[in-house]
Amino acid sequence: QNLSIDDRVLNPDGTIISDASLIISSKYDVYYPRWLEWFDRKQISIVNGDELITNPVPVLHEVETFLNVSHYFESSMFVMNKTKGFYCWKADATVNESNCLKKDKGLPHPTVSNSTLTKLKELLKPHA
């Protein structure tokens, strides 16, 4: 089903569906304490997905440092896929071919009305 974000998170009267899966999965602060029951804070690394999309190498270096492994990734290993709008990994930095996600990945984000975006930001502000 190709529902819009508005259709997925709004009741017919325009109020937010508080138990919509998109809403529930956005409340990381609810899950974090549970993770800490099983893992020490030092075992958890949080990655900014937006930064990974726009500038992957520094984010990957942070992950490598967190894992205490040598830095492997270099800028020459990535190429911007203008169709998908993000960087794709090149297995061989000397070749122009890249390994990108499947056709069904990296699709454009659906539009969200400004009024719904405002409601979502307000609802999720305490969870940021």
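Only heavy atoms go into these numbers, but all of them, side chains included; no hydrogens, no water, no symmetry mates.
To the nearest 0.5 Å, atom CD1 of residue Ile23 and atom CG of residue Leu124 are 5.5 Å apart. Atom OG of Ser70 sits about 10.5 Å away from atom NE2 of His61, to the nearest 0.5 Å. In this structure, Phe78 CZ and Met80 CE are separated by 11.5 Å, a value rounded to the nearest 0.5 Å. In this structure, CD in Glu64 is found 9.5 Å from OH in Tyr72, a value given to the nearest 0.5 Å. Note: Ser115 OG to Leu10 CG = 7.0 Å, rounded to the nearest 0.5 Å. Within the model, atoms NZ of Lys119 and CG of Asp6 stand 8.5 Å from one another, a figure rounded to the nearest 0.5 Å.
Remark: Lys125 pairs with Glu122 by the salt bridge (charged side-chain N to carboxylate O under 4.0 Å, His left out) rule, at least two apart or across chains. Evaluation of the side chain to side chain donor-acceptor pair (under 3.5 Å) rule for Asn55 yields no partner, not counting sequence neighbours. Residues forming a side-chain contact (heavy atoms from CB on, under 4.5 Å) with Phe66 (at least two apart in sequence, or on another chain): Ser45.
Scanning both residues, Arg8 and Leu22, for their nearest heavy atoms gives CD-CD1, 3.7 Å. Contact between Leu120 and Ile5 at its shortest, heavy atoms only, is CD1-CG2, 4.5 Å. Between Ser18 and Ile24, the shortest heavy-atom contact is O-CG1, 4.0 Å. Nearest heavy atom pair, residue His127 against residue Leu123, reads CD2-O, 3.7 Å.
With a 4.5 Å cut-off on side-chain heavy atoms, Ser4 and Asp7 count as touching. Using a 4.5 Å heavy-atom threshold, the side chains of Ile53 and Tyr87 count as separate. Here the side chains of Val112 and Leu117 are in contact, with some heavy-atom distance below 4.5 Å.
Both Ile46 and Trp38 are part of a single hydrophobic cluster, where members link through side-chain heavy atoms under 4.5 Å apart. The cluster map of Ile, Leu, Val, Met, Phe, Trp and Tyr, joined by side-chain heavy atoms under 4.5 Å apart, puts Phe39 and Leu67 in different clusters.
No donor-acceptor distance shorter than 3.5 angstrom exists from the side chain of Arg34 to the backbone of Glu37, with no hydrogens or angles considered. A donor-acceptor pair under 3.5 Å is formed between the side chain of Asn48 and the backbone N or O of Asp50. A donor-acceptor pair is defined here as one N or O able to donate and one able to accept, closer than 3.5 Å; no such pair exists between the side chain of Lys27 and the backbone of Pro126. Judged by distance alone, the side chain of Glu62 and the main-chain N or O of Val47 form no donor-acceptor pair under 3.5 Å. Side-chain atoms of Thr15 do not come within 3.5 Å of backbone N or O of Asn11 as any donor-acceptor pair.
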CA sep, side-chain torsions, deciding dist, call: Ser113, Thr116, side chain to side chain donor-acceptor pair (under 3.5 Å): CA-CA 5 Å; Ser113 70; Thr116 298; 2.9 Å; yes
Problem - Audit row: Val57, Met77, side-chain contact (heavy atoms from CB on, under 4.5 Å) steps and yes/no - result: CA-CA 9 Å; Val57 175; Met77 296 173 160; over 6 Å; no
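Below 30°, between 30° and 60°, or above 60°: for Trp35 and Tyr32 the angle between ring planes is above 60°, a perpendicular geometry.
Sparse packing is recorded around CG of Asn68, with 12 or fewer heavy atoms of other residues, nucleotides or ligands lying under 6.0 Å away.
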